[in-house]
There are 2 protein chains.
Amino acid sequence: MEAFAENGYAATRVEEVAKRAGVSKGLLYLYFKTKEDLFKAVIRNFVSPRLDALIQDIGNSDLTAEEFLRGPFLDFAKKVPRSPARVLARLMIAEGPKHPDLVAWYWENVVSKGMAAIRTVLEKGVRGGEFHRSAVDDFPQLLVSPVLFAMVWTQVFDAHDKLDTDGLMEGHISLVLNSIKVDR
Amino acid sequence: MEAFAENGYAATRVEEVAKRAGVSKGLLYLYFKTKEDLFKAVIRNFVSPRLDALIQDIGNSDLTAEEFLRGPFLDFAKKVPRSPARVLARLMIAEGPKHPDLVAWYWENVVSKGMAAIRTVLEKGVRGGEFHRSAVDDFPQLLVSPVLFAMVWTQVFDAHDKLDTDGLMEGHISLVLNSIKVDR
DNA sequence: TATATTAATGACCAGGGAGTCAGCAAGCGG
DNA sequence: CCGCTTGCTGACTCCCTGGTCATTAATATA
């Protein structure tokens, strides 16, 4: 994963992967048919455990929708943009279009589930009278877009302008809540 | 640009670029010292004219801050995610870390200027009593993050879930305005 | 200890691509 | 018409890397 993250798929040498793993190139070809196979396996093995941990982390709590957004969701949003997971985002963006089945897998196992989870929370907020109906109901992506943005920014522009990702996320959540909360 | 956009830097053959340009590989090496040189020139030549056009487009009008966001800014935000410019974003994300001087140039000529422009508009809104002070003043990135998000989404996940980018942008702007506008 | 089976190595090969360069073509000046 | 300059070509070289496979090491079995 480190190797692919640093150099991208095409520029990464299989031998380099082998070296970092402390094995010979030949061994990799005993376990993976091709370089592409290896790549896909690397991605999947990177994602799966983290995904499980995340689902566990967020869990099914009895929080209100706002508490959920200010709590577990904000925690997640603060953590991810500086975690190793951000390189995954860059890889998926860069290499995705060339590996459609990998994207399909990622879609099914990560993105669509995440989206569904967010929809559920928002729906709960609306039904419970906490939130107005608003654009985020139709476009839950609006809740996550700063997360992706921060992941990208920290990898591309950090040297030129270090982004306070925690502040960004807090600002984002408060901005959104301020817009959708039913005021009493 | 097409070639690099399709395959990424490493997987693009210089000969392929030459073929699409209708010249020989040798000629490219008369004008560009190396493949990397060629790549940087391609990016710069792609960005520059569009940037000029954009600046012209937005211009200095006498719109209120809200009118500006609902007008020229929203137009821009709707147009970009499905324009050829989106492949540029993918390329910068994918290849940026390997070409620091290209990122530096892009930062100076595009990103920092864009950010400054947004700050100016928000500042005007606040000073004119249209807007509250809010998180977007500290993090103007929050205004653009859905644009980047949409550019990425349309290139990676369109096959699985076609995103209504226009709707997303309209929703975003109304959400933000709803949050920061001073109500009368 | 001897033998069979499984795990792992790394030298090797074939294909491909970045970069070079001798030479061809086309305009230009006399 | 002829030399001269400039623009351009594509065959060639050399290196690199994905993938193979004969060989060796380690482990299990008898």
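Reckoned from all heavy atoms, side chains included, excluding hydrogens, waters and symmetry mates. Below, chain A is the first sequence line, B the second, and so on; all start at residue 1. Just so you know, these numbers come straight off a predicted model, no measurement behind them.
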Are [X] and [Y] close enough that some pair of their side-chain heavy atoms sits under 4.5 Å apart?
X         : Y         : value
Ile180(A) : Asn178(B) : no
Val152(A) : Val152(B) : no
Glu2(B)   : Val87(B)  : no

- Task: Classify the ring geometry between Phe39(A) and Phe4(A) as parallel (under 30°), tilted (30 to 60°) or perpendicular (over 60°).
- Result: perpendicular
- Query: Parallel under 30°, tilted from 30 to 60°, perpendicular over 60°: which one fits the rings of Trp153(A) and Phe157(A)?
  - Reply: perpendicular
Give each protein N/O atom lying under 3.5 Å from an N/O atom of nucleotides 8-11 of chain D, with the pair distance.
residue: dC8(D); atom: OP2; partner: Tyr31(B); partner atom: OH; Å: 2.9
residue: dT9(D); atom: OP2; partner: Ser24(B); partner atom: N; Å: 3.0
residue: dT9(D); atom: OP2; partner: Ser24(B); partner atom: OG; Å: 2.9
residue: dT9(D); atom: O5'; partner: Ser24(B); partner atom: OG; Å: 3.3

- Could Glu130(B) and Lys124(B) be called an ion pair, given the rule that one side-chain N must be under 4.0 Å from one carboxylate O? no
- Can Glu16(A) and Lys25(A) be counted as an ion pair, charged N to O under 4.0 angstrom? no
- Return the value, rounded to whole Å, for the distance between atom CZ of Phe39(A) and atom P of dG18(D). 14 Å
- For Glu36(A) and dT17(D), give me the distance from atom CD to atom C1', rounded to whole Å. 17 Å
- Message: Going 5' to 3' along DNA chain C, which are the first and last nucleotides with any atom under 4.0 Å from a heavy atom of chain A?
- Response: dA8(C) to dG10(C)
- Query: For residues 109-120 of chain A, which residue pairs qualify under side-chain hydrogen bond (donor to acceptor under 3.5 Å, both in side chains), counting only residues two or more places apart or in two chains?
  - Reply: none
